[in-house]
Amino acid sequence: MIRRLVVLAAIGVALAPLPLLLPPAQEAVAVRALMFAMMAVAWNLMSGFGGLFSFGHAAYFGLGAYTTALLTVELGLSPWLGLLAGMAVAALFGVVTGYLAVRYRLKGAYFALATFAFAEMLRLAALNSELVGGAVGLTLPVTGEQGWWTLRFDVGDPAYFWVALLLTLACVATVIVLLGSRAGLNLVAVREDETAAAAAGVAVVRHQILAIGVSAALTSVAGGFYAVYYLFVSPDLAFGPSVSIQAILPAVIGGVGTVWGPLIGAAVLAPLSDVAATVVRTPPEFLSFLQGRSGLDVIMYAVLLIVVVLAMPRGLYGGFARRSR
């Protein structure tokens, strides 16, 4: 655990000067990569280390985004307080719904479908609720006092990257500390063999609920920062299936069940949408048939996922680590 925390601190120090070296457009890509990383790290805790495959992490992301946006718009509170409140709301929702799913022994595809259903339930509720703006969504004010307390800076300000980096490091550190504790060891034991873990005296349901609650809280941090950074949140952007996919893909491509895999996957995936947009906007001559067409980024995601799954079933980090050993 100590070694991993030292490596994490070194990564933070190495990435801190990055926004000072990148143009504004590339800095936005780096911020998006950090948001992907937060979501993937949280998903990996629940599904990679806990063995509870989730296809509904959009529920926790959306709860964090809407809670932060509501408290900022309606009550004028600091986004930092909104992030904390979003963590509490998402963790409570995750614990309640997770308990229902685990208590009634939903496993595998049935558990994944249950998490997807909960996310869709929240999306439909937000679509029909005037409290959160319905289908129009919520827009955060673009004017007001700037500073770290309000998390409002000029467009392209490196402070946005530093806030995202700080939140990402905090999420990864939380996972590292949890995995290094007795509860983390018990969680991995439950993932490997529930029956053997229960026979050894491990409280299976309690540790699974712990993984779900912590994962939900960490995912809500990404949602809250999304609302603050883009100053807008809507039901489809917050609770849509694409959000859950964005949480799953970096972990799968980087390496499920590894600490560093989600970070590597996020660093690989985040620039792909910008590369696809550039190719569609100004394609080279031999790809002129792509000009103006949409969906190229989805195709690139699919091709990369297929290649990684076939060539490196353990993901990029897992595959290279196994070969190096």
Side-chain angles (χ1 to χ4, degrees), residues 1-2 4-5 8 37-64 67 83-108 110-119 122 167-224 244 247-248 251 256-262:
M1 181 177 64
I2 299 299
R4 286 175 172 174
L5 290 175
L8 180 65
M38 281 185 268
M39 296 165 60
V41 166
W43 181 89
N44 190 46
L45 172 63
M46 175 176 165
S47 301
F49 293 107
L52 299 167
F53 189 90
S54 168
F55 196 66
H57 261 55
Y60 316 133
F61 181 91
L63 287 173
T67 302
L83 290 175
L84 294 176
M87 292 177 67
V89 171
L92 178 61
F93 181 83
V95 167
V96 172
T97 56
Y99 176 79
L100 293 176
V102 173
R103 177 67 178 79
Y104 291 100
R105 300 184 180 278
L106 296 181
K107 299 181 184 296
Y110 299 103
F111 183 88
L113 288 174
T115 59
F116 176 77
F118 286 130
L122 290 177
L167 295 176
T168 303
L169 294 177
C171 291
V172 179
T174 301
V175 172
I176 290 174
V177 172
L178 177 61
L179 292 177
S181 66
R182 183 181 183 86
L185 297 177
N186 289 338
L187 177 64
V188 175
V190 170
R191 179 197 66 185
E192 295 299 323
D193 192 325
E194 287 188 21
T195 304
V202 177
V204 173
V205 174
R206 183 197 309 166
H207 286 86
Q208 288 177 331
I209 296 301
L210 172 65
I212 295 172
V214 176
S215 178
L218 297 181
T219 306
S220 74
V221 174
S244 297
I248 296 172
V256 176
T258 65
V259 173
W260 310 114

Got a salt bridge between E194 and R105, using NZ or NE/NH1/NH2 to carboxylate O under 4.0 Å?
no
Residues in side chain to side chain contact (heavy atoms under 4.5 Å, CB included) contact with [X], at least two apart in sequence or another chain:
X	result
V96	L92
F116	F55, E120, P241
A203	R206, H207
A85	T67, L71

Roughly how far, to the nearest 0.5 Å, is [atom2] of [Y] from [atom1] of [X]?
X	Y	atom1	atom2	answer
L113	S54	CG	OG	11.0 Å
M39	L218	CE	CG	12.5 Å
L52	K107	CG	NZ	8.0 Å

For [X] and [Y], which heavy atoms make the closest approach, and how far apart are they?
X	Y	answer
A216	G94	CB-CA, 4.3 Å
A42	T219	CB-OG1, 3.1 Å
G56	A119	O-CB, 3.9 Å

Within the distance-only criterion (no hydrogens, no angle test), does the side chain of S220 pair as donor or acceptor with the backbone N or O of F61 below 3.5 angstrom?
no
Any salt bridge (charged side-chain N to carboxylate O under 4.0 Å, His left out) involving residues 182-193? Give me the pairs, sequence neighbours left out, ordered by first then second residue.
none
Is any side-chain heavy atom of [Y] closer than 4.5 Å to one of [X]?
X	Y	result
R4	W260	yes
L45	V214	yes
V256	N44	yes

For F53, check ring-ring contact (aromatic ring centres under 6.0 Å, His included) against everything at least two apart and list the hits.
W43
Where at least one partner belongs to residues 209-218, residue pairs that pass side-chain hydrogen bond (donor to acceptor under 3.5 Å, both in side chains), sequence neighbours excluded
H57-S215
Return a table of donor-acceptor pairs under 3.5 angstrom between the side chains of residues 168-180 and protein atoms on other chains or two or more places apart.
| residue | atom | partner | partner atom | Å |
| --- | --- | --- | --- | --- |
| T168 | OG1 | L34 | O | 3.4 |
| T168 | OG1 | A164 | O | 2.8 |
| T174 | OG1 | A170 | O | 2.8 |

